Amino acid sequence: MTQPQQRVYQAWKGDNRFFFGGRLIFGPDVKSLGVSVALIVVPVAFFCVFVAQHLRHRFRAYDAGYAILVVAVVYTIYVLLLLFVTAGRDPGIVPRASHPPEEDIHYDDLSLTDTPGRLQFPRVKEVIVNGMPVKVKYCETCMVYRPPRCSHCSICNNCVERFDHHCPWVGQCIGKRNYRYFFLFVSSSTLLCIYVFAISALYIKFLMDGDYSTVWKALKHSPASLALMIYCFISLWFVGGLTGFHTYLISTNQTTYENFRYRSDGRPNVYDQGCLSNFQEVVFAKIQPSKHKFRAHIQEEVQAPPANSAGEVEEERVGGPRAKVGDDLDIDGDLLNISQRHKHGDIDIEMGGGDAN
C-alpha cells in the first residue's frame, strides 16, 4: 500500500508553524500572538462596559451615544484582522535550493599528490539596483544568493525578502508581503489608543459637570476611566513611537534592519525614489503572490552530484580510475595473445628460438 504523498508544509525546513492544513503560516513564537490579542481586547472590553455604556444617552440627537460603543467594537475588530493578516501570511520567504548554485561552482586545482578538491564559489556577488552596484550574500542554510534587501531570520530560519525585523508581538517576520499590514496594524492601534483615551477623558468631564464637582471625585466614581487613560497613555509611547518610526522609514524607503545596520556606514540609499513614490510603493503597490504553494504535493527532484564527486573529476583529469581500467584491459589482452601464440608454437620465434620457459 503506497503512503500518501507529503505536502510542502509537512516537510517544511524552516521553524514556522502551520495551521488549517497549511493555509496559515506563523512564526515559531506564535503563542505571543495571544498576548497581543489580550492587550487589545481586554482594555476595549473594560471601555465598553464601564465607559461607553454610560455615554449611550448623553447625546440624545439620533441616539448618537450608541455610536461610541459601535465604533469601539468595529474598530477593534478591524485592528485584530490586521494583526492576524500580518501574522498568518507568508512574509516573503525565499525558496531554498536543494544544492549550491552549479553555475558558480569550481574545484580547487589538484596534482597527483593532492587530496580530492573542495567546492568553491564566491560568497558575495554584485548586482545592479537603480544603476548602482549592490552586494548580495550567499546563504549557507538556504543555499541561494539572497536577493537585494533580503536577510536570513535566525528565529524563523528562513531568508525573507525586504526583511524588516522579526516582531515578537506578532510572532512573525515582517517582510515584503506583510509590511503594509504591519504598518496599518501599528497605526490603527495608535488611533484606537487615542480614541479610548479621549472618550474616557470625556466621560470624566461629564461626571464633573454633574454630581461630581472635582476631578478626584469623578475619578473615584469611575476608576476604570483612570485605569484606561493610564494604560492608553503608556501604550501610545510604544505603538505611537512605532508608527512615527515606520512612517520615517517608509518616507525614506528603508527597513528597520537597514536603518540599524547601515546607519553609520554613510552609504547612499539606492532604493530612495522620493517621499511620495516611496509611500506609493509600500502602501498602494500590488503585493506579489507567495513563491510557495504550501498545500501542494512535494515533487521529486533530481539530486545534484555530491560534493565529493570533485575528487572523481580530478582523478579522471590526471589519469585516475578510468585510466587504470584501460590499462587493465590492455594487460588482459596481451596475456590472451601470448597464450594463443604459445598454443601455436609462435612463442619460440619471438623469444629467439630459446627455451620456451
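Excluded from the calculations below are hydrogen atoms, water molecules and symmetry mates; all remaining heavy atoms, backbone and side chain alike, are included. Predicted model only: the values in this text are computed from it and were never measured. Along the sequence shown, the residues carry numbers beginning at 1.
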Answer yes or no: are there more than 12 heavy-atom neighbours, outside [X] itself, under 6.0 Å from its atom [atom1]?
X      : atom1 : result
Tyr66  : OH    : yes
Trp12  : CH2   : yes
Phe233 : CZ    : no
Gln280 : CD    : no

Sub-3.5 Å donor-acceptor pair from the side chain of [X] to the main-chain atoms of [Y], do we have one?
X      : Y      : result
Asn259 : Leu249 : no
Asn158 : Cys156 : yes
Asn278 : Gly274 : yes
Ser251 : Cys275 : no
Ser188 : Val79  : no
Asn130 : Val270 : yes
Arg177 : Arg89  : no

Rounded at 0.5 Å granularity, tell me how far [atom1] in [X] sits from [atom2] in [Y].
X      : Y      : atom1 : atom2 : answer
Asn253 : Arg162 : CG    : CZ    : 5.5 Å
Arg7   : Ile298 : CZ    : CD1   : 10.5 Å
Met229 : Ile234 : CE    : CD1   : 12.5 Å
Leu184 : Phe182 : CG    : CZ    : 11.0 Å
Asn178 : Ile287 : CG    : CD1   : 8.5 Å
Thr243 : Phe238 : OG1   : CZ    : 10.0 Å

According to a 4.5 Å side-chain heavy-atom criterion applied to Ile, Leu, Val, Met, Phe, Trp and Tyr, with indirect links allowed, do [X] and [Y] form part of one hydrophobic cluster?
X      : Y      : answer
Val136 : Val160 : no
Val170 : Ile77  : no
Ile128 : Tyr145 : no

Inset, instruction - Carefully, step by step, assess Tyr195 and Val44 under the rule side-chain contact (heavy atoms from CB on, under 4.5 Å). - result: CA-CA 10 Å; Tyr195 178 78; Val44 173; over 6 Å; no

Legend entry - Test applied, side-chain hydrogen bond (donor to acceptor under 3.5 Å, both in side chains); reference residue, Asp29; option that passes from Arg17, Gln172, His166: His166

Inset, instruction - Answer yes or no: is there a side-chain heavy-atom contact under 4.5 Å between Asn269 and Gln254? - result: yes

Legend entry - Phe206/His54 under side-chain contact (heavy atoms from CB on, under 4.5 Å): CA gap, chis, key distance, verdict: CA-CA 10 Å; Phe206 284 149; His54 299 293; over 6 Å; no

May I have the list of side-chain donor-acceptor pairs in residues 216-225 shorter than 3.5 Å, sequence neighbours left out?
from: His221; atom 1: ND1; to: Tyr212; atom 2: OH; distance (Å): 2.9
from: Ser222; atom 1: OG; to: Ser225; atom 2: OG; distance (Å): 2.6

Legend entry - Sole residue of Phe18, Phe19, Phe20, Phe294 in ring-ring contact (aromatic ring centres under 6.0 Å, His included) with Tyr9: Phe18

Inset, instruction - Would you check if there is a donor-acceptor pair between the side chains of Thr256 and Asp164 at a distance under 3.5 Å? - result: yes

Inset, instruction - Only counting residues at least two apart or in another chain, list the ones meeting side chain to side chain donor-acceptor pair (under 3.5 Å) with Thr86. - result: none

Inset, instruction - Take Val41 and Leu80 through the test side-chain contact (heavy atoms from CB on, under 4.5 Å) and record every step on the way to the result. - result: CA-CA 9 Å; Val41 172; Leu80 292 176; 3.8 Å; yes

